[in-house]
Every structure is written in structure tokens, then in C-alpha cells.
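Encoded as C-alpha cells, the structure appears first; notes follow it.
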Number of protein chains: 2
Amino acid sequence: MPKPVVRDEARRRRRPTRQGTVLSEALIVDTALRLLREHGGGGLTARRLGLALGADPSTLYRYFAGMDDLTRAIGDELMGRALGSWAATGRWRDDLRALGLAVHAAYLAHPQAAVLTASRVTGRPREIAVDETILGILRGAGLPDEDAARIYHTFIDQSLAFAALDAGALALTEESRTADEGMWATTYARLPASSHPHIAATAPLLARRMPHSAYPGALEMLLDHTAARLRAARAAGG
Amino acid sequence: MPKPVVRDEARRRRRPTRQGTVLSEALIVDTALRLLREHGGGGLTARRLGLALGADPSTLYRYFAGMDDLTRAIGDELMGRALGSWAATGRWRDDLRALGLAVHAAYLAHPQAAVLTASRVTGRPREIAVDETILGILRGAGLPDEDAARIYHTFIDQSLAFAALDAGALALTEESRTADEGMWATTYARLPASSHPHIAATAPLLARRMPHSAYPGALEMLLDHTAARLRAARAAGG
DNA sequence: ACGGTAAGGTCAACCGTGTTGGCATAAGGC
DNA sequence: GCCTTATGCCAACACGGTTGACCTTACCGT
């Protein structure tokens, strides 16, 4: 039978660890983020986390149901940081763009964590706050609920999907990352025009473009689409 | 020192395994896909793969440098299947849409494999073939190289990113997947309008929409954008 | 036809992983 | 200040990828 997990705020006694640290959900999540940053994508292990905290690995199970649960908490923390770095201006297009870039940036700031968490819907508080904010921007701009729901869905999924993809590239070890990026300057650039005319013709352009994220461009497409729907709604509404 | 890896076509002897099966890269990849399908996302292990093949796990290292290398090969196989299920019509918009949906579908047909592979650029033959095809459609439609390269980049990253995200949802165990989907009908729907007015107002719409992929919508936005660029290019060109 | 070489399959072992059940200790309500 | 029990610790388990030494037999050259 697994140990019972006690939510942080319901914790009654605070007993320091043998090495003196007093544990908490926040401390564990922060330490996990640090480990991911320092030791790379596979660097987050129960044992290593315990060592970094000065606690036995099994102690973590008093705070999280398992590594999977901890992972979700990390994802929610990233969402919180994204929202914290964002401020509303009242101009829907600027606000939506800034929020998208903030989420993207917050995840990319911890690529290894992003890879682990970006494709999971957590349903935790910070994620809900972000969802509410997005819907608020869209409905506040005057979109009908139908459009708002559809565009919200595309917006959040696109942001998380690109965050995970881009983070995946960043999370590679320095060695294999430069190898991947160099692939465009080598493998692809060397393909003969006879067999791959289109790649050959655009290879220099691609080599310059591929190492960067395509997210800002995709985001702009979504904003264009939103603007068009907004014009349509205003025309129909009066 | 690791065992030397011999590429399939350079293999000189074909020695049957103790249990009689004759190995090959293709057989291993196919079996790996079957295991992922049958046993779920974490179901692909060297030991289990060896067992399914009737071979010792360590034998795999004669064919792939490690599980990571095998993973890349699986990703390339999915690309091949996507391209194989696609046929050109000459109408750029239809072709691009069909190719995007084919890639997305090929990955979603093997969600667990997609999660492992979609965020890696492999540089393997089938992936290069897909890239060449996309660029061909865009340049064939009459786009300037600059636009073609940019839209190609957005297109392939968007397709893979959504494939990984959507596959992530599908790859969950039946239990936690219905839990995740039900979250929209429960957690989100129960948020009070006082604290979360926008979620409360659109909850029924979201509950119906969120379980489906946002990819088709995002793809259509990209096609709209491409059409606009194409009009601009034609206006400028003559 | 056959012998020697080395390719390719096998075995046993290593170390690191998440996770658990039982135990010890001390925090904090009374 | 006692007693309860929350909370941290320990030892162990099953399983993961990976490796080095090994054996066997398919194939090449004669």
C-alpha cells in the first residue's frame, strides 16, 4: 500500500530532515527545476533529488504520489511563472501575443522540465488561471463564445506544442544539439539538386532559419485569424 | 567498448537467432511499433523487445547504437508511412493540407511512438523525402524561396508539435486519459462564475471541443496565410 | 570441398531507476 | 511533560539500459 500523500497546506508537523532542511512542496519543486537545469533532461531522479535536498528519496512520497505527480507540479510552476511575467494592457492583440510568448519563454527557460510536462494537462490552479486569462482576452475583445472557445483551444495547444518541440531541441546535450543544427548546413546542404532540387535551392535559407523557433510566426498567423473573426463578428453584430 | 553497429544493407551474414527468427532493422522496428501499441507508452524495453523477437536483448546493439537510436529509426518509419499514404493532385492547397493531415495521422496511429520521436530531427532518408515534398509544393505553387522556406519551417514544426501533443494525450492509459478529458466536464465546469467568469461562460463549449485536436484548425490558418502570401507574390511578380 | 576468420547471437553481470513496507524519532496538542 | 502519530529513514525489490567475454556458425578464399 502506498504511503498517504499530504497536501502541503494540510501538513501539521514540520520535522527537519536529518541534514537539517525543512521540506515543502515549493522547495522540492524548485530543487527539481535546479537539478533539471544542471544535470540535463534525464538528471531528475528520485535519488538525486533526495541527495540535493538532504533527504531520503522515499521521503518524497510523503509530498507527491510519485515522479509523475511531481512532474505535473513542475508544469504548473512554469505556468505560474509565465503568468507572473505578464501584464495586461487592454489591447487584445498585444495581450494575447505577450501571453503566448510568455508561456513559450517560461517553458524554454527550463527546457528539460518543459519536455517532461508540456504535453500534460494538469488541471492545477496556475494552469486554470492562464486559461481564464486567455478566454478573458478573447471575450473581452468582443468575440462570440463559439469563436473564443475555438481560438482559445488552438492558442493554448499551439503554445504548449511548440514549447515542447522547441524545448526538445534545447534539452539535447550541447554536443548533439550543435550536431542537429549543423545537419542543415551539412547533410541537407549537400543533397544534390538532381535528386532534391527544392532542398538544394533553399538550403542556405533553411540553414539560417531552422535553428530558430517557428512559434512567433505561427502565433502571428493565429492573431491574424482572430482579427478576421473579430471583424466578421463586428460586421454581423452591428 | 560498445559493440559495433552494422547498417542493415552492409550486413554480410544472416544468422538466425536461437529461436529461429532472422533479424533485420525493419523487423526490429516493426516489432517495436507492435510492442508500443500493445503495451502502451512505457512498453518498449530492450528486454521485452528481445523477448518478442526471440532474441537476446543485447543482440539489438548489433543493429542500433541504443534505444535512442532505435527511437529515431521508428520516427523515420512513421514519416515513411505518412508519405506513402499521400498522393499529389497538383492543387497546392489540397496537397499541403493532405500531407499535413497524413503526417499527423501517421503519428497518432502510434501515439506512444510519436511521443518518443516527434520532437527529434532525425535527418534520416524518409524525413528528408517529406521535407523535399513540402518545399516542392510551396515552390511549385509559385512562392518566392524566402516565403517557401519560412512557411515550410512553420508547417513541419507545427505538424510535428501537434502530433506530439495530441499523441501525448492518446498515449496515456485509458484510465488517466478519460480522467483528463473528464476534467473539462468536472473541475473546469464547476468553477464558480464569480472567480472564473470566462471559463464558466464557455465550459460546455470547451468540454465538447477540448477532447479533439486543434491541429486541423491551426493548419487551416497556415493555409490561409500561404494563400495571402501567394496573392502578394503574384501581384508583385506580374 | 573445406578450413579459418570474424560476424553475429548469447550469457552474466553491472549499476541506476522508481517504489514500498517496516521502523524510529520527535513535534505538537492536550 | 506525555502520548500519539506524522514524518523522515532504511533496506530491499523488480526492472531498466548497457557492456564485455564467450561461443557458434555463415561465408570467403583457396
Side-chain angles (χ1 to χ4, degrees), chain A residues 1-25 27-28 31-32 35-36 39-74 112 116 173, chain B residues 1-25 27-28 31-32 35-36 39-74 112 116 173:
Chain A
M1 199 175 311
K3 298 174 199 273
V5 175
V6 182
R7 276 271 150 260
D8 213 81
E9 58 274 17
R11 202 159 284 271
R12 317 183 31 176
R13 303 183 188 175
R14 310 235 72 128
R15 178 177 175 182
T17 200
R18 166 151 304 199
Q19 302 182 31
T21 46
V22 177
L23 298 178
S24 70
E25 285 189 13
L27 178 61
I28 294 176
T31 308
L35 279 190
L36 280 169
H39 291 85
L44 179 61
T45 73
R47 281 166 168 66
R48 186 136 47 186
L49 183 51
L51 193 67
L53 285 165
D56 189 88
S58 66
T59 308
L60 300 172
Y61 288 79
R62 302 272 190 210
Y63 290 82
F64 299 97
M67 292 307 273
D68 194 75
D69 193 25
L70 171 59
T71 285
R72 278 200 302 276
I74 293 174
Q112 296 83 3
L116 295 179
T173 63
Chain B
M1 201 178 309
K3 297 175 198 275
V5 175
V6 182
R7 278 271 150 260
D8 214 82
E9 59 274 18
R11 201 159 286 273
R12 316 181 32 162
R13 304 184 189 175
R14 311 239 65 132
R15 178 177 173 181
T17 200
R18 165 153 302 202
Q19 301 182 31
T21 46
V22 176
L23 298 178
S24 69
E25 284 189 13
L27 178 62
I28 295 176
T31 308
L35 280 191
L36 280 169
H39 291 84
L44 178 60
T45 74
R47 283 170 165 76
R48 188 135 48 185
L49 183 51
L51 193 68
L53 284 164
D56 188 89
S58 65
T59 308
L60 301 172
Y61 288 79
R62 302 268 191 214
Y63 291 80
F64 299 96
M67 292 307 274
D68 193 75
D69 193 25
L70 171 60
T71 284
R72 278 200 301 276
I74 293 175
Q112 296 83 2
L116 296 179
T173 62

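Each chain gets a letter, A, B and so on, in the order its sequence line appears, and its residues count up from 1. What you see below is based on every heavy atom in this structure, not just the backbone, and it leaves out hydrogens, waters and symmetry mates. Just so you know, these numbers come straight off a predicted model, no measurement behind them.
Where A:Arg47 and A:Tyr63 each meet DNA chain D at their nearest nucleotide, the meeting point lying more 5' is that of A:Tyr63. Nearer the 5' end of DNA chain D, as judged by each residue's closest nucleotide, is the contact made by A:Val22, out of A:Val22 and B:Ala46.
B:Leu53 places none of its side-chain heavy atoms less than 4.5 Å from the side chain of B:Thr59.
Atom CZ in A:Arg62 sits roughly 14 Å away from atom P in C:dC23 (whole-Å rounding). Summarising the geometry, the separation between CG on B:Asp68 and C1' on D:dG16 is reported as 15 Å, rounded to the nearest angstrom. The distance from atom CD1 of B:Ile28 to atom C1' of C:dG8 is 12 Å, rounded to the nearest whole Å. The separation between A:His39 atom NE2 and C:dT17 atom P is 11 Å, rounded to whole Å. Taking atom CG of residue B:Asp56 and atom P of nucleotide D:dC22, one finds them 16 Å apart after rounding to whole Å. Rounded to whole Å, the distance from CE on A:Met67 to C1' on D:dG16 is 15 Å. Rounded to a whole Å, the CG atom of A:Leu70 is 15 Å from the P atom of C:dT17. For the pair B:Arg48 CZ and D:dC15 C1', the interatomic distance rounds to 10 Å; values are reported in whole Å.
Of all heavy-atom pairs spanning A:Ala52 and A:Thr31, the tightest one is CB-CG2, 3.8 Å. What you find for A:Tyr63 and A:Ser24 is that their closest heavy atoms are CE2-CA, 4.0 Å.
In this structure B:Thr45 satisfies the side-chain contact (heavy atoms from CB on, under 4.5 Å) test together with B:Arg47, B:Arg48, sequence neighbours excluded. For A:Thr17, the side-chain contact (heavy atoms from CB on, under 4.5 Å) partners at least two apart in sequence or on another chain are A:Gln19, A:Thr21, A:Ala55. B:Leu51 pairs by the side-chain contact (heavy atoms from CB on, under 4.5 Å) definition with nothing, not counting sequence neighbours. Annotation: side-chain contact (heavy atoms from CB on, under 4.5 Å) contacts of A:Arg18 (sequence neighbours excluded): none.
A side chain to side chain contact (heavy atoms under 4.5 Å, CB included) with A:Arg72 is found for exactly one of A:Leu70, A:Ile74, A:Asp68, namely A:Asp68.
To the nearest 0.5 angstrom, B:Asp56 atom CG is 10.5 Å from B:Arg62 atom CZ.
Closest approach to the B:Thr45 side chain among D:dC9, C:dT10, D:dG16 is made by D:dG16 (side chain taken as heavy atoms from C-beta onward). Nearest to the side chain of B:Thr59, among C:dG9, D:dC9, D:dG17, sits C:dG9.
For the contact set between residues 14-21 of chain A and DNA chain D, defined by any heavy atom under 4.0 Å, the members are A:Arg15, A:Thr17, A:Arg18.
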Contacts under 3.5 Å, N or O only, protein and nucleotides 1-4 of chain D:
| unit_1 | atom_1 | unit_2 | atom_2 | d |
| --- | --- | --- | --- | --- |
| D:dT4 | O2 | A:Arg13 | NH2 | 3.3 |

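Between the side chain of A:Ser58 and the base of D:dC10, a donor-acceptor pair under 3.5 Å is found.
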